[in-house]
Amino acid sequence: MPETIMFSDFRLGDSWFTAMDSADPRHAFGFNEAVSLVVRCADQAEVDRLWQALSAVPEAEQCGWLKDRFGVSWQIVPAAMDTMLSQGTPEQVDRVVQAFMPMHKIDLATLEAAYAG
């Protein structure tokens, strides 16, 4: 069909991605949570901006994950979260995990407070 894309490449930040569709119309492949795109954000403003632009299925939101209008899953997380989880003490990591588990959109200030104790 002329209005569909069979093959495309695109760039998100510094990463290139390739998207392909099956040429066989009998295939009914769809998106699911097995694949998600991770966006590490510089600050809360970037998290908020991307969340606002992408979130289309509120019931699918959890722990920084969202689903867009095409059914693609995204993880919108502050880059500082990686640092907290990889460099924190076991107690700090536990507090950060406990803080983000009930969140939908990640709140960086809440994670920073949990990390600080």
Side-chain angles (χ1 to χ4, degrees):
M1 297 170 54
E3 67 274 5
T4 62
I5 296 174
M6 297 301 289
F7 180 86
S8 177
D9 61 348
F10 58 97
R11 192 173 105 182
L12 296 173
D14 293 332
S15 300
W16 280 96
F17 296 87
T18 301
M20 294 172 41
D21 191 5
S22 171
D24 188 334
R26 296 172 295 172
H27 292 169
F29 301 131
F31 293 111
N32 64 44
E33 292 76 14
V35 173
S36 64
L37 300 174
V38 179
V39 180
R40 288 178 178 77
C41 301
D43 53 26
Q44 188 66 49
E46 187 175 15
V47 170
D48 294 345
R49 182 178 58 79
L50 290 172
W51 200 271
Q52 170 90 27
L54 292 170
S55 179
V57 186
E59 60 273 12
E61 296 173 359
Q62 186 67 35
C63 304
W65 290 60
L66 63 79
K67 206 173 269 198
D68 70 16
R69 64 188 176 115
F70 302 105
V72 176
S73 292
W74 296 78
Q75 297 177 56
I76 308 299
V77 295
M81 187 173 163
D82 286 344
T83 303
M84 292 179 212
L85 294 174
S86 66
Q87 296 179 11
T89 66
E91 294 78 16
Q92 288 172 310
V93 169
D94 184 57
R95 289 193 305 265
V96 170
V97 170
Q98 294 306 314
F100 80 70
M101 288 301 287
M103 291 181 184
H104 293 260
K105 178 178 68 173
I106 298 296
D107 180 328
L108 181 55
T110 300
L111 295 186
E112 290 170 337
Y115 188 77

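Any value given below was found using the heavy atoms of this structure, including those in side chains, with hydrogens, waters and symmetry copies removed. If you're wondering where the values come from, they're calculated on a predicted model, not measured in any experiment.
Under the 4.5 Å side-chain heavy-atom criterion for ILVMFWY residues, no single connected hydrophobic cluster contains both Trp16 and Val39. Note on Val57 and Phe70: separate hydrophobic clusters, where clusters join Ile, Leu, Val, Met, Phe, Trp and Tyr whose side-chain heavy atoms are under 4.5 Å apart, directly or indirectly. Hydrophobic clustering of Ile, Leu, Val, Met, Phe, Trp and Tyr side chains at less than 4.5 Å, counting indirect connections, keeps Phe10 apart from Val35. When hydrophobic clusters are built by joining Ile, Leu, Val, Met, Phe, Trp and Tyr residues whose side-chain heavy atoms come closer than 4.5 Å, directly or via intermediates, Trp65 is not grouped with Trp51.
In this structure, NZ on Lys67 lies 11.5 Å from OG on Ser55, to the nearest 0.5 angstrom. With rounding to the nearest 0.5 angstrom, the OG1 atom of Thr89 is 6.0 Å from the CZ atom of Arg95. Leu66 contributes atom CG, which lies 8.0 Å from atom OG of Ser73 (distance to the nearest 0.5 angstrom).
Through direct or indirect side-chain contacts shorter than 4.5 Å among Ile, Leu, Val, Met, Phe, Trp and Tyr, Met81 is connected to Val38, Val77, Met84, Leu85, Val93, Val96, Val97, Phe100, Met101, Met103, Ile106, Leu108, Leu111, Tyr115.
Contact record, Gln75 with Ser36: NE2-OG, 2.7 Å, taken as the closest heavy-atom pair.
Contacts of Asp82 classified as salt bridge (Lys or Arg N to Asp or Glu O under 4.0 Å), with partners at least two apart in sequence or in another chain: Arg40.
Residue-environment remark: CD (Glu59) exceeds the threshold of 12 foreign heavy atoms within 6.0 Å.
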* Decide yes or no on side chain to side chain contact (heavy atoms under 4.5 Å, CB included) for Ile76 and Lys105, but give the supporting numbers first. => CA-CA 8 Å; Ile76 308 299; Lys105 178 178 68 173; over 6 Å; no
